[in-house]
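To find a chain, count down the sequence lines: A is the first, B the second, and so on, and within it residues start at 1.
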2 protein chains.
Amino acid sequence: MRKGEETRTRLLDVAEAAVLQKGFGGTSIEELIAETGITKSGFFYHFRDKNELAKALLNRYIENDERIYDEIFSRARDLVDDPLQSFLLGLKLLSELLSDLPNGHPGCLVATVCYYERLFDREIQETNRNAVLAWRRRFGRMLREIMAIYPPREPVNVDQLADMVSSVLEGGIVLSKTLKEPNTLAEQVLMLRTFVKMLFLPVVEMPRASGDSTFLGSAEPH
Amino acid sequence: MRKGEETRTRLLDVAEAAVLQKGFGGTSIEELIAETGITKSGFFYHFRDKNELAKALLNRYIENDERIYDEIFSRARDLVDDPLQSFLLGLKLLSELLSDLPNGHPGCLVATVCYYERLFDREIQETNRNAVLAWRRRFGRMLREIMAIYPPREPVNVDQLADMVSSVLEGGIVLSKTLKEPNTLAEQVLMLRTFVKMLFLPVVEMPRASGDSTFLGSAEPH
DNA sequence: CTGGCTCCTGTACCGGCGGTACGGTTTTCA
DNA sequence: TGAAAACCGTACCGCCGGTACAGGAGCCAG
């Protein structure tokens, strides 16, 4: 029992890294068992076929993902009481966590599965769909709390705004990976944070004084 | 010459649809030639290997993508003179175009390639990277024009804001496909539009009266 | 100490697929 | 009409996913 779990975990670790770099179709079982150090029979002892490997991989990824969000936003909630400030802090913490990843975000399995729909059975697609719906509920819950206090400056649909968080994360990952700019993802999260801040925080007429206008209109040419 | 191009185009059409549904690794050459109605020899007459098919596929996709953006935003530019209003109109037109797709957006090849990096040579990855950089330049150019007139309400980096457009599009596609909700993508684009609007359009103290949702805000710059 | 369970290894085999090689054939256009 | 373009047919290779099945090492309860 103990030994089996350990091997299985190692196998999943190797598979996850490979799949995020080459996709499911591009990842061969033989390559996984070579790197894990087991035989083909060993692999098929743990997983009936590639589809079941994908299932286990996706479930594990989603669970881990949820855990991370739980930690971040509950910590933000502990530090700040106001729901808006707490959410903004959570986004800040998230962006810090993302920019601390040494080689950038490795990629999102949900997106990988999404671009592989026809290869897997309905169960996996349903799992994937539920993961995205869980994100919608999670961020939606927090946004509803905010909206109960802060009237949004523009009329917005809560679910769509919640989806915006997922969109920016998924899109940011694609950009970050494609550009090979690890920081882009974290920057996008901060940009989203600016959006939320602007949407809910009342306008304050700041005295035009201090020089905090770092980025304002000036970016590199070209 | 003429016939060859036609077959090649049909092959690329079939391949693009298949790749967006199953990824490169999940798409077999044999299945492509079966649907196109040619033989294996015919396939390898047009493309030396799968890598070259991917290259042609990606280049064609990017060109078409650029063409669509050109059309939309130049049309918006023709209709409205103000750079901000023109950009907002462009986003509106884009969202309409996206919600008019009968089966939703089929997927973005740039994202597919991004999740397949290790499978292709550097040339393809470079092509993909340049496509994203072209998006950054495109939206950045328009945003700079806007910023020359409208001071942003919050300090933002132009490139990061330009990337936000790409992020929301890429992320919206993932969400739309995963949720099987074709409209989600268009909604996300409109949400981004709200962001841009809020960021640049001056605050107007509206008398709390009628339904609010006018698309083109009616305020004058500055 | 023994039997049974978990966790594998080893070997053999199948069919599909990417890719190569190469000769032949039809179609197209100058 | 003739050469180039655009294929077709066939045969073959090696990798890979998957199946089948036999067996073995280690551990733990009775």
Side-chain angles (χ1 to χ4, degrees), chain A residues 1-58 60 112-113 115-121 123-124, chain B residues 1-58 60 112-113 115-121 123-124:
Chain A
M1 287 182 185
R2 192 55 157 283
K3 180 86 178 304
E5 280 300 311
E6 192 194 310
T7 306
R8 201 184 134 103
T9 301
R10 236 170 55 236
L11 199 46
L12 285 174
D13 288 340
V14 171
E16 185 171 316
V19 165
L20 287 174
Q21 286 185 344
K22 294 175 291 188
F24 281 102
T27 303
S28 74
I29 293 180
E30 315 229 347
E31 133 195 30
L32 297 181
I33 63 179
E35 203 173 329
T36 312
I38 59 172
T39 63
K40 209 180 215 181
S41 312
F43 175 89
F44 285 105
Y45 170 77
H46 287 288
F47 306 101
R48 209 185 315 114
D49 51 22
K50 226 183 175 183
N51 199 21
E52 213 175 73
L53 170 70
K55 211 175 288 181
L57 223 48
L58 183 61
R60 196 182 72 144
T112 306
V113 169
Y115 274 106
Y116 258 94
E117 36 167 329
R118 288 257 181 253
L119 230 62
F120 300 120
D121 56 26
E123 190 186 338
I124 289 193
Chain B
M1 288 179 189
R2 191 54 158 285
K3 181 82 178 308
E5 279 301 310
E6 192 195 309
T7 306
R8 201 185 133 100
T9 301
R10 236 170 55 237
L11 199 47
L12 285 174
D13 287 341
V14 171
E16 185 171 318
V19 165
L20 286 174
Q21 285 185 344
K22 294 175 291 188
F24 281 101
T27 302
S28 73
I29 293 179
E30 314 229 346
E31 132 194 30
L32 297 181
I33 64 179
E35 204 174 328
T36 312
I38 59 171
T39 64
K40 211 179 213 181
S41 312
F43 175 89
F44 285 104
Y45 170 77
H46 288 287
F47 306 101
R48 209 184 318 115
D49 51 23
K50 226 183 175 185
N51 198 27
E52 212 176 74
L53 170 69
K55 210 174 290 182
L57 223 49
L58 183 60
R60 197 182 71 143
T112 306
V113 169
Y115 275 105
Y116 258 93
E117 36 167 329
R118 287 258 182 252
L119 231 63
F120 300 120
D121 55 27
E123 190 186 337
I124 290 194

Which whole-number value in Å describes the distance from [X] [atom1] to [N] [atom2]?
X	N	atom1	atom2	value
A/Leu32	D/dC16	CG	P	11 Å
A/Glu52	D/dG18	CD	P	11 Å
A/Tyr45	D/dC21	OH	P	19 Å
A/Ile38	C/dT6	CD1	P	18 Å
B/Arg8	C/dT28	CZ	P	19 Å
A/Lys22	D/dC16	NZ	C1'	13 Å
A/Glu5	C/dC8	CD	C1'	15 Å

Beyond-backbone contact of [X] with [Y], side-chain heavy atoms, under 4.5 angstrom:
X	Y	result
B/Phe43	B/Glu30	no
A/Phe120	A/Lys55	no
A/Asp121	A/Ile124	yes

- Item | Selection residues 13-26 of chain B - residue pairs positive for side chain to side chain donor-acceptor pair (under 3.5 Å), sequence neighbours left out |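 Only A/Arg118-B/Gln21, B/Asp13-B/Arg60, B/Glu16-B/Arg60, B/Lys22-B/Glu31 qualify under side chain to side chain donor-acceptor pair (under 3.5 Å).
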
Among A/Val19, A/Thr112, A/Leu20, which residue satisfies the side chain to side chain contact (heavy atoms under 4.5 Å, CB included) criterion with A/Leu57?
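For A/Leu57, the side chain to side chain contact (heavy atoms under 4.5 Å, CB included) test succeeds with only one of A/Val19, A/Thr112, A/Leu20, which is A/Val19.
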
Please report the end-to-end axis angle for the helix from C/dC1-D/dG30 to C/dA30-D/dT1, five pairs per end, rounded to 10 degrees.
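For the helix from C/dC1-D/dG30 to C/dA30-D/dT1, the axes at opposite ends meet at about 20°.
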
B/S/- along nucleotides 10-22 of chain C (protein heavy atoms under 4.0 Å) is BB-----SBBB--

Exercise for review: Output, in order, the C-alpha distance, side-chain angles, deciding distance and verdict of side-chain contact (heavy atoms from CB on, under 4.5 Å) for A/Leu32 and A/Ile38.
Suggested key: CA-CA 9 Å; A/Leu32 297 181; A/Ile38 59 172; over 6 Å; no

Under 3.5 Å, side chain of A/Lys40 to main-chain N/O of A/Ile29, donor-acceptor pair present?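 Answer holds: no.
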
* Under 3.5 Å donor-acceptor, A/Asn51 side chain and A/Ala54 backbone ->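 The answer is no, because no donor-acceptor pair under 3.5 Å joins these two groups.
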
Any side-chain N or O of A/His46 below 4.0 angstrom from OP1/OP2 of C/dC8?
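Yes.
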
Next on the checklist: Is there a side-chain contact (heavy atoms from CB on, under 4.5 Å) between A/Glu6 and A/Thr9? Walk through the geometry before answering.
Outcome noted: CA-CA 5 Å; A/Glu6 192 194 310; A/Thr9 301; 5.8 Å; no

